[in-house]
Amino acid sequence: MLAPELPADSSRVALLLVGAGGQIVESTGLLGPDALSELQIETRPDDIARFTLVAYRNGNLERLTLPDAETLASTPVEVDAETDAPLPTPDWAGTGPAIDGAIEIVPVRDPPSLTAAWAPRCAHSACERHPYEVEPVRITLNDSAPRHMAVRWGADSESALVCTSSACYRISPGRSESRVEQVDLVPTSSVAGFIDEGVLLSDGRLALWNLRPDGSQLLVGRPETGFTSGAPLLINRWGGSVQGRFASSPVGHALELLLATRDERYLRWSGRDWESLHEGTSAVEAQAHAVWLAPGRSAFAFYHSQVVRFFEDGRPFKQVALNPVAVVENLPTFGVLAIGNGFRTGTQLWRIKENYEVEELEEEELAGDVDIWISSDTQALIAGPNGEFSLFEPGLGNCELPRRENDLVLDAVQLPGGLLTISTRERSDLGLNFVNYYPKRTDEVLPACLVNAP
């Protein structure tokens with residue numbers, strides 16, 4: 001066999017002997033490139049029609065947990081079937097006919113999908129990766145107030161702070177028993193203490209927003225030790241309180257708090273005062289969303305402006321046109337995702353790449369309008385106002401949970417043990433609010449199959 005030009009940093013190769021019908025007659029394990037020159041083929045020449053050679057570069061296979069070198073070399077690779085656990089796509093592949101004399105391997109564009117007996121099981125769909133139970137634990141709040149907010153109680157807490165326009169509660173959910181305790185966070189009279197937004201800051205404190213009807217205000221602190229007043233924001237052109245959505249820097253980074261308001265303002269707060277990054281011209285209030293990307297980098301979307309605006313070090317850096325766009329979120333392993341709710345187009349999902357090119361994701365249709373989006377490093381949990389929930393994972397598509405009929409979803413928060421949502425009952429005479437708690441699954445959540453990963 002004539003030695004082919006393999007990639008210079010190839011770490012492992014495998015040879016497959018293919019029969020006339022395309023079946024694998026014999027194959028090697030994953031060998032070092034130098035082993036090709038010493039390879040002994042025992043199959044008779046008339047059993048095979050061609051040879052296929054594959055190669056992996058350094059680091060590609062290491063995305064898996066590999067067995068010892070002897071097992072790796074002695075376990076034959078196989079063509080992947082849908083039920084198998086696939087290996088990463090080979091970095092290089094070539095093929096050549098099985099004829100007398102020297103065999104020349106010629107590179108091909110499409111490497112085969114392979115597996116091996118030692119490869120771990122993995123998920124081929126987003127539903128196999130969904131981390132939550134389908135049926136929730138329902139907790140009733142004897143509260144019918146219309147405004148709602150949910151945020152994690154603290155960095156290591158299994159509780160959530162849930163506020164309506166009349167009261168705040170500490171909710172500690174569980175599979176069999178949940179605890180609801182009314183708490184007094186803000187020493188103001190009755191409904192003067194509206195809390196529209198809350199966020200867990202990078203140092204484990206809470207930021208609570210919009211506490212006074214005569215002007216928006218920020219409180220920062222901990223429920224157990226109290227809150228101090230942050231800088232008030234009295235710049236709403238119509239007077240009164242400013243409504244908006246928060247984003248903040250994660251644990252391990254300097255404090256940055258971002259606010260996208262419904263009147264198309266984008267502001268940053270770093271512990272002392274507000275800094276205005278953008279002031280729009282729209283006379284119509286609309287959904288707005290902000291996302292923290294990296295220190296000094298963020299993005300902001302306002303529904304009527306039909307663009308995602310990127311900022312760097314407090315200055316506009318780039319804008320990407322999308323129509324319509326309502327929510328932006330960041331999946332560090334994949335990139336910035338944007339979602340739009342169009343009257344004519346339905347719900348659309350885009351990926352904004354590092355070079356700011358836009359890729360429309362051809363995934364299953366997302367459920368309904370999107371108001372809430374919670375992401376981890378690899379997954380995005382998407383919630384609509386009509387009880388729809390779905391999980392999107394790049395490469396694995398979208399998985400819808402069964403809709404909670406008549407539940408209007410108002411807010412959601414992830415806890416270490418599961419997902420907690422605030423809902424109200426549609427067409428209910430009582431009009432009470434509910435908390436639905438979806439515990440994390442107790443069975444194994446499989447890793448994503450690497451051939452489907454971005």
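The model shown is predicted, which means the values in this text are computed figures rather than measured ones.
- The number of heavy-atom neighbours closer than 6.0 Å to CD of E224, taken from other residues, nucleotides and ligands shown, is above 12.
- Here R351 does not pair with E360 in a salt bridge; the nearest charged N to carboxylate O distance is not below 4.0 Å.
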(request) Could you go through the side-chain contact (heavy atoms from CB on, under 4.5 Å) check for L53 and F51 one step at a time? (result) CA-CA 7 Å; L53 183 66; F51 297 94; over 6 Å; no
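- Heavy-atom neighbours of R121 CZ from other residues, nucleotides or ligands within 6.0 Å: at or below the threshold of 12.
- By the 30° and 60° cut-offs, the orientation of the rings of Y356 relative to F317 is tilted.
- In this structure, the side chains of I195 and C168 come closer than 4.5 Å at one or more pairs of heavy atoms.
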(message) Could you go through L17 and I24, starting from their C-alpha distance and side-chain angles, then the distance that decides it, and tell me whether this counts as side-chain contact (heavy atoms from CB on, under 4.5 Å)?
(response) CA-CA 6 Å; L17 283 60; I24 303 300; over 6 Å; no
(message) Does F300 form a ring-ring contact (aromatic ring centres under 6.0 Å, His included) with H289? I'd like the steps, not just the answer.
(response) CA-CA 6 Å; F300 152 57; H289 201 264; 9.9 Å; no
(request) Step by step, work out the side-chain hydrogen bond (donor to acceptor under 3.5 Å, both in side chains) result for E256 and W292. (result) CA-CA 8 Å; E256 285 185 88; W292 186 92; 3.0 Å; yes
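- A heavy-atom distance below 4.5 Å is not found between the side chains of V328 and I339.
- Residues L61 and L30 have side chains in contact (heavy-atom distance under 4.5 Å, counting atoms from C-beta outward).
- The shortest heavy-atom contact between R152 and A155 is NH2-O, 2.6 Å.
- Heavy-atom neighbours of D68 CG from other residues, nucleotides or ligands within 6.0 Å: above the threshold of 12.
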(request) Please assess H148 against N433 for the test side-chain contact (heavy atoms from CB on, under 4.5 Å), listing each intermediate value before the final yes or no. (result) CA-CA 9 Å; H148 309 83; N433 298 313; 3.1 Å; yes
(request) Could you walk me through whether F392 and L337 pass the side-chain contact (heavy atoms from CB on, under 4.5 Å) test, one step at a time? (result) CA-CA 11 Å; F392 170 78; L337 297 180; 3.7 Å; yes
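- Residue L396 comes nearest to A123 through the heavy atom pair CD2-O, 3.8 Å, listed as atom of the first residue, atom of the second, then distance.
- The aromatic rings of F311 and Y266 lie tilted to each other, with the angle between the two planes from 30° to 60°.
- Side chains of T261 and E264: no donor on one and acceptor on the other come within 3.5 Å.
- Side-chain contact between P131 and L391: present, with at least one pair of heavy atoms (C-beta onward) separated by less than 4.5 Å.
- Scanning both residues, P86 and C122, for their nearest heavy atoms gives CD-SG, 3.2 Å.
- Side chain to side chain, T421 and Y437 fail the donor-acceptor criterion of an N or O pair below 3.5 Å.
- The pair E133-R441 does not count as a salt bridge, with every side-chain nitrogen at least 4.0 angstrom from each carboxylate oxygen.
- With rounding to the nearest 0.5 angstrom, the CZ atom of R222 is 8.5 Å from the CG atom of L206.
- Classification of the H130-Y132 ring pair by plane angle, with boundaries at 30° and 60°, yields perpendicular.
- With no hydrogens or angles considered, a side-chain donor-acceptor pair links S159 and R170 at under 3.5 Å.
- With a 4.5 Å cut-off on side-chain heavy atoms, F310 and V308 count as touching.
- Side-chain contact between L267 and R265 is present, with heavy atoms from C-beta onward closer than 4.5 Å.
- P173 approaches I139 most closely through the heavy-atom pair CB-CD1, 4.2 Å.
- Checked against W92 for a side-chain contact (heavy atoms from CB on, under 4.5 Å), the options L6, V108, V54 give a single hit: L6.
- The cationic group of R138 lies under 6.0 Å from the six-membered ring centre of F434 and within 45° of the ring axis, placing it in a cation-pi geometry.
- With a 4.5 Å cut-off on side-chain heavy atoms, V183 and L161 count as touching.
- A distance of 11.0 Å separates NZ of K440 from CZ of R175, quoted to the nearest 0.5 Å.
- The shortest heavy-atom contact between N58 and S11 is OD1-CB, 2.9 Å.
- The two residues P33 and S10 make their nearest non-hydrogen contact at CG-O, 3.5 Å.
- Side-chain contact check for L114 versus L16: some heavy-atom pair is nearer than 4.5 Å.
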